[in-house]
Q: 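Before anything else, here's the structure in question.
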Amino acid sequence: MLGALALLTTALLGHAWPTPPYSPPGGVGVSPDSPPPVYEPYSEFDFQSLNLALNQEWIELDLFYRGLEMFTLQDFLDVGLNSEDRELIEFMAQQERGHAQLITDMLGPNAAKECNYTYPFTTVPEYVDFCQKLTRFGESGVYGFLPHLNSRPSAQLLLQSITTEARQQMIFRQFEGLFPMPVWFESAITQSMAWTLLAPYLASCPSENPRIEWQNFPALNITDNPVGYDPAYPPAITHNRTALSYPGRQVTFVWEEPGKKVGPNDLYTTSSDAGAPKFAAWISQLNTTYTPLYNISGQSAYTYQPNGSVFDIEGYYDPIVNDTMFILITDSDLHVTPYNLSLLNEHVVAGPAMYQSG
Ligand SMILES: *[C@@H]1O[C@H](CO)[C@@H](O)[C@H](O)[C@H]1NC(C)=O
Ligand SMILES: *[C@@H]1O[C@H](CO)[C@@H](O)[C@H](O)[C@H]1NC(C)=O
Ligand SMILES: *[C@@H]1O[C@H](CO)[C@@H](O)[C@H](O)[C@H]1NC(C)=O
Ligand SMILES: *[C@@H]1O[C@H](CO)[C@@H](O)[C@H](O)[C@H]1NC(C)=O
Ligand SMILES: *[C@@H]1O[C@H](CO)[C@@H](O)[C@H](O)[C@H]1NC(C)=O
Ligand SMILES: *[C@@H]1O[C@H](CO)[C@@H](O)[C@H](O)[C@H]1NC(C)=O
Ligand SMILES: *[C@@H]1O[C@H](CO)[C@@H](O)[C@H](O)[C@H]1NC(C)=O
Ligand SMILES: *[C@@H]1O[C@H](CO)[C@@H](O)[C@H](O)[C@H]1NC(C)=O
């Protein structure tokens, strides 16, 4: 339409009009001369990022239905959730059908199929907490690679599905009685960090599924993680809750050595390229913050929760740590920002684990 207008104007006025009106120079893929978008991976990096994302969508589809099958309406009523909440979870499962279809269409005939899964919950609160955490690392895992994809058209479509997943994450927080969004910015993590968190729940996959070519880091466990679920805070749009932890809180870790078989059919092996453990890396909001490890003994140590803010603007203070966020054990306090976070991968000794600070 605007292109036709430009041609017409050129014909009438006799001079070239190089760009449509209201088109500041710059941008990618916005010129009338741009090739039509192709919604497919342009590189192996794209394929593997989408492959990981598809495996995440498949487990969400299975997980949302699983809770509805495992627990009765009465189980939900007992913790303050009702049949309409169950309907909402079922709707989320349907959204996952769409998300899985979208990525399958982009990946073509080699796209991964659904797997068999193993889950750590036996009660409704544990289920809701698991959903809240799984959607958190699913969401953050995609934010970490979206701007790095070669295929911007694929990034566009994935963006439009991950924003829906972000809403699911917040709803599960509300179902858990947590503060719905205790941060100003959602965190991003790398594909290998997301795959490390996802792999333990994949029991077996169809043999033709493409291998997931990201690293599995050794598992990390926070042995004194705050518990989000508290019967004093039933499901609600929001509660005036305070944070579940505080700067200076001691946080204790145990982690595994590399070389453990993980993932579907134990086909993957954990590894680390890092040297000796020295720091806890706290990935939250826009920041990766390091605190020293103390009493490092074999695969255990402790640290203290850092203080500090993302922003402190005219007294409005956004603490870096105040959400379901990510901690890793590293050999270095390498300065990284969200766009170059993947440079941290080679310094990871173990993790991430998810810390429930808000
Ligand atoms: C899932 O588990 C069932 C029952 O053990 C088995 O028959 C099926 O082949 C498995 N599917 C996959 C994709 O591993
Ligand atoms: C982590 O540590 C806690 C406390 O020791 C323990 O209850 C839990 O089973 C551990 N989790 C894993 C995945 O090892
Ligand atoms: C919520 O907490 C803030 C301080 O954290 C307090 O000033 C406010 O009065 C509380 N509001 C309600 C409705 O409890
Ligand atoms: C750390 O190690 C020191 C010396 O072995 C010991 O006294 C202290 O209790 C340990 N601290 C913790 C929190 O384990
Ligand atoms: C954390 O930082 C804030 C803002 O600078 C400050 O008010 C608070 O006292 C600090 N807390 C700790 C435990 O250092
Ligand atoms: C966190 O990141 C923001 C944005 O880059 C920066 O302004 C702030 O200083 C960082 N905070 C800390 C504690 O590093
Ligand atoms: C990551 O990017 C920041 C700028 O955003 C830069 O200061 C830092 O040195 C980079 N980290 C590495 C390891 O290159
Ligand atoms: C931290 O999170 C709590 C909920 O866990 C929230 O009530 C509080 O407002 C948050 N604090 C800040 C300074 O954003």
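Every number for a ligand or one of its atoms is a count from 1 in the order of the listing. Quick caveat, the model's predicted, so the values are computed rather than measured. Side chains are part of it too, since the values below use all heavy atoms of this structure and drop only hydrogens, waters and symmetry mates.
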Q: Check each atom of ligand 1 against the heavy atoms of Pro206 and keep those under 4.0 Å away; list them by number with element.
A: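 Those qualifying, in numeric order: 13 (C).
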Q: Anything under 30° is parallel, anything over 60° is perpendicular, the rest tilted; go ahead and classify His239 against Tyr233.
A: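 Answer is perpendicular, since the angle exceeds 60°.
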Q: Glu114 to ligand 1: N or O pair under 3.5 Å?
A: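 No: no nitrogen or oxygen of Glu114 is under 3.5 Å from one in ligand 1.
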Q: Looking at side-chain heavy atoms only, is the closest gap between Phe76 and Asn82 below 4.5 Å?
A: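 No, every pair of side-chain atoms sits at 4.5 Å or beyond.
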Q: Which ILVMFWY residues can you reach from Leu178 by hopping between side chains whose heavy atoms are under 4.5 Å apart?
A: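 Via sub-4.5 Å side-chain contacts, Leu178 links to Leu244.
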Q: For ligand 1, indicate whether the residue Cys205 contacts it via side chain, backbone, both or neither (heavy-atom separation under 4.0 Å).
A: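 The answer is the backbone of Cys205.
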Q: Taking the six-membered ring of Tyr268 as reference, does the NZ or CZ atom of Arg211 fall below 6.0 Å from its centre and within a 45° cone about the axis?
A: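 Yes, cation above the ring, under 6.0 Å and within 45°.
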Q: Pull out every atom of ligand 7 sitting under 4.0 Å from any heavy atom of Leu334, numbered as shown with elements.
A: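 Once the distances to Leu334 are compared, the set is 13 (C).
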Q: Asn307 to ligand 5: N or O pair under 3.5 Å?
A: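 Checking ligand 5 against Asn307, an N or O pair does fall under 3.5 Å apart.
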Q: List ligand 7 atoms under 4.0 Å from Asn340, heavy atoms only on the residue side.
A: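 Near Asn340, the atoms of ligand 7 are 1 (C), 2 (O), 3 (C), 8 (C), 10 (C), 11 (N), 12 (C), 14 (O).
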Q: Between Tyr127 and Phe172, what is the ring plane arrangement, given parallel below 30°, perpendicular above 60°, and tilted in between?
A: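 Ring orientation, 0 to 90° scale: perpendicular.
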Q: Would you please determine whether Tyr246 falls within less than 4.0 Å of ligand 5 on a heavy-atom basis?
A: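 The answer is no: ligand 5 sits nowhere under 4.0 Å from a heavy atom of Tyr246.
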Q: Give the atoms of ligand 7, by number and element, whose distance to some non-hydrogen atom of Leu343 is under 4.0 Å.
A: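 With Leu343 as reference, the close atoms of ligand 7 come out as 12 (C), 13 (C), 14 (O).
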Q: What class does the angle between the rings of Phe71 and Phe121 fall in, given that below 30° is parallel, 30 to 60° is tilted and above 60° is perpendicular?
A: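 Because their plane-to-plane angle lies in the 30° to 60° range, the rings of Phe71 and Phe121 count as tilted.
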Q: Quick test: of every protein heavy atom, which one is nearest to atom 4 (C) of ligand 7, and how far off is it to 0.1 Å?
A: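 Looking only at protein heavy atoms, the one closest to atom 4 (C) of ligand 7 is Thr337 OG1, 3.8 Å.
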Q: Can you check whether Phe130 reaches Tyr201 side chain to side chain, under 4.5 Å on heavy atoms?
A: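 Side-chain contact under 4.5 Å: yes.
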Q: Got the closest protein heavy atom to atom 7 (O) of ligand 7, with its distance?
A: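 Of the protein heavy atoms, His335 CD2, 3.2 Å lies nearest.
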Q: Should Leu344 and Thr190 count as side-chain neighbours, where that means a heavy-atom distance under 4.5 Å?
A: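 No, their side chains stay 4.5 Å or more apart.
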Q: Measure the distance from atom 3 (C) of ligand 1 to every protein heavy atom, then report the residue, atom name and distance (to 0.1 Å) of the closest one.
A: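 Protein heavy atom at minimum distance: Asn116 ND2, 3.5 Å.
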Q: Protein heavy atom under 4.0 angstrom of atom 12 (C) of ligand 1, is there one?
A: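 Yes, because at least one protein heavy atom sits under 4.0 Å from atom 12 (C) of ligand 1.
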Q: Could you check whether the rings of Tyr119 and Tyr117 sit parallel, tilted or perpendicular, using 30° and 60° as the cut-offs?
A: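 Parallel: the ring planes of Tyr119 and Tyr117 meet at under 30°.
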Q: Starting from atom 14 (O) of ligand 1, which protein heavy atom do you reach first, and at what distance in Å?
A: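 Here the nearest protein heavy atom works out to Ser204 OG, 2.7 Å.
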